[in-house]
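The next block holds one structure in the form of structure tokens; read it before the comments.
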Amino acid sequence: MYNAGAPAGSLWEETAPALANGVDLGANGDETCDVAIIGGGYTGLSCALHLARDFSMNVRLLEAGPLGWGASGRNGGFCTLPPMGLTFDRLIARYGEEEARRFISSQVEATRFVRAFAQEEGMDIDPQGEGELHVAHAPSRYAELEHERDLLSGKFGIPARLIPREEVAAEWYDSTEQFGALHVEAGFGLHPLRFARGLAAAAARAGAKLHGGSPVTRWEREGRSHLLVTPSGTIRAARVVVATNGFTRSPMPAALSDNIIPVMSNIVVTRPLTADELAAQNWRTETPCANTRNLLFYYRLLPDRRFLFGARGDLTGKPEDGLRMRRFMERRLGEVFPGWAHVEITHSWRGFVCMAARLTPSLGSLPDDETVFFALGYHGNGVAAAPWAGRLVAQLIGGKKKISDIPAPVRGEPRSIPFPALRRWYLRGALGYYRFMDL
């Protein structure tokens with residue numbers, strides 16, 4: 001999973017235009033800069049763009065693989081909210097209504113920022129649908145959606161409409177795990193690698209220097225400077241941004257690398273569906289959908305009528321376990337959508353979602369070194385949150401924002417995880433519990 005030289009094997013890699021010449025400068029040499037960014041996904045690219053364009057800073061970005069190689073180039077393309085593993089009730093109970101509203105409001109703005117930015121930059125990101133459909137996978141979950149609607153529309157001011165099973169079946173789609181839904185009017189679907197490469201091109205135009213194929217193997221201090229050593233050279237920087245999300249490992253600071261949990265997410269995509277096949281499930285929408293399972297299924301119809309189906313699972317990253325997950329997902333796709341049980345799967349891939357103990361993202365600077373900034377931990381929903389976070393970190397570095405401007409639910413380091421070496425066992429136990437709760 002950490003082999004940055006291996007392609008993800010995604011549909012996105014086949015259908016995204018190549019980067020323009022000169023955007024990815026390739027392996028770095030010995031350079032000095034104002035800010036070095038580790039990680040070439042949405043967070044790092046957005047941060048690089050805004051530092052170079054808005055604050056005229058000398059920026060060097062280091063990415064282990066090709067730009068957008070990680071989660072930014074292989075996710076499901078859900079530009080939706082929120083980037084957390086908490087329920088809205090728990091968010092309010094932990095941080096209070098005011099800070100919870102500030103956080104959720106920032107994420108609604110994040111979805112709008114992505115769409116507006118793509119339009120301003122002339123990016124063709126294949127935007128689809130309006131909002132997101134949260135689907136009750138069992139009759140008992142419909143009442144939970146009713147409560148979610150009341151919170152979204154009442155406390156957070158986000159339009160949300162509860163739709164009974166019969167109306168969903170007639171106007172949206174039907175399946176064996178559809179018992180009503182909640183339509184949330186925030187977000188849309190997009191082509192994730194088109195967006196990542198568009199961000200990279202915009203950052204390069206702004207003057208940021210982007211280096212793919214430049215993994216950081218050592219991180220040292222020399223006086224006030226950070227020295228980031230790669231196989232091809234050393235970057236000397238006054239400040240560093242860690243934007244590695246689920247791929248955060250040593251030599252990143254232990255406060256970050258030891259306290260995030262990489263969780264595997266898997267996607268399969270079908271061949272294009274015929275009109276008759278779509279009619280078999282009465283599929284009528286381009287709106288992204290996710291169900292109410294703790295180990296959720298997320299799915300949407302793509303512009304060429306392929307069907308994307310995603311799920312959590314797999315603890316090892318081994319090729320044989322990847323094949324096992326593909327077989328599991330092919331079977332479950334046919335069980336949830338029986339009319340498509342015979343449809344060929346043409347693509348399958350996987351990657352890391354970044355989880356943390358407090359179940360919200362982490363943004364800020366290290367308490368013991370305020371020249372090291374970070375933004376990570378999007379809990380499987382970073383398409384909107386990550387570019388927003390990258391921009392916010394750039395504004396912190398540029399002096400336009402203060403740490404207190406970060407909403408409390410995402411402010412500061414990840415919560416410490418006892419005995420980090422046991423994280424896979426913690427995850428194994430959590431997955432077992434969630435599978436039981438989904439029965």
Side-chain angles (χ1 to χ4, degrees), residues 16-26 28 31 33-73 75 79 106-107 109-125 127 190-212 214 228 235 237-245 361 363 373-376 378 382-401 405-406:
L19 278 172
N21 290 337
V23 172
D24 185 346
L25 300 176
N28 65 284
E31 307 287 352
C33 62
D34 297 322
V35 184
I37 300 170
I38 307 173
Y42 297 144
T43 304
L45 292 170
S46 176
C47 188
L49 164 68
H50 288 93
L51 284 171
R53 188 188 69 186
D54 301 342
F55 301 101
S56 301
M57 290 194 178
N58 183 347
V59 180
R60 295 274 173 176
L61 180 146
L62 303 172
E63 162 59 42
L67 299 176
W69 175 82
S72 297
N75 63 78
C79 187
S106 75
Q107 298 313 297
E109 193 274 331
T111 65
R112 295 170 180 162
F113 163 69
V114 170
R115 190 189 288 270
F117 183 79
Q119 290 174 343
E120 290 166 5
E121 294 291 332
M123 296 182 198
D124 182 10
I125 60 172
L190 55 71
H191 190 302
L193 191 54
R194 284 178 179 265
F195 179 48
R197 289 179 175 172
L199 271 176
R205 286 196 298 271
K209 304 297 190 295
L210 313 178
H211 299 280
S214 300
L228 302 180
I235 300 293
R239 283 167 285 195
V240 176
V241 177
V242 178
T244 44
N245 205 40
L363 281 76
F373 296 80
F374 55 87
L376 42 74
Y378 305 115
V383 176
W388 166 84
R391 181 182 63 174
L392 182 51
V393 170
Q395 292 169 339
L396 291 172
I397 294 171
K400 186 176 180 179
K401 296 284 188 181
D405 291 320
I406 305 173

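For clarity, every value in this text was computed on a predicted model and none was experimentally measured. Counting from 1, the numbers follow the sequence of the chain as shown.
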Report summary line: Residue pairs meeting side-chain hydrogen bond (donor to acceptor under 3.5 Å, both in side chains), one or both in residues 196-209, sequence neighbours left out, come to Glu121-Arg205
Report summary line: For Asp24, the side chain to side chain donor-acceptor pair (under 3.5 Å) test, sequence neighbours excluded, returns none
**Report entry** Which atom of Leu363 lies closest to which atom of Ile406, heavy atoms considered
**Finding:** O-CD1, 3.8 Å
**Report entry** Side chain Ser214, main chain Gly212, donor-acceptor under 3.5 Å
**Finding:** yes
Query raised in the report: Which atom names give the shortest non-hydrogen contact between Tyr378 and Ala385, and what distance separates them?
Result: CD2-CB, 3.9 Å
Query raised in the report: Is there a side-chain contact between Pro387 and Phe117 (heavy atoms, below 4.5 Å)?
Result: no
Query raised in the report: What pairs meet the salt bridge (charged side-chain N to carboxylate O under 4.0 Å, His left out) rule with one or both residues in residues 384-394, with sequence neighbours excluded?
Result: Glu109-Arg391
Query raised in the report: Which pairs count as salt bridge (charged side-chain N to carboxylate O under 4.0 Å, His left out) when at least one residue sits in residues 61-71, sequence neighbours excluded?
Result: none
Requested in this report: Could I get the full list of ring-ring contact (aromatic ring centres under 6.0 Å, His included) partners for Trp69, not counting sequence neighbours?
Outcome: Phe247
Query - Nearest non-hydrogen partners of Ala237 and Val35, listed with the distance - result: CB-C, 4.3 Å
Query raised in the report: Could you give the distance from CD (Gln107) to CH2 (Trp388), rounded to the nearest 0.5 Å?
Result: 5.0 Å
Report summary line: Between Leu49 and Ala202 the two heavy atoms that sit nearest each other are CD1-O, 3.5 Å
Query raised in the report: Can you tell if the side chain of Thr43 reaches within under 4.5 Å of the side chain of Asn245, non-hydrogen atoms only?
Result: no
Query - Residues in side-chain contact (heavy atoms from CB on, under 4.5 Å) contact with Pro127, at least two apart in sequence or another chain - result: Arg115, Ile125, Phe188
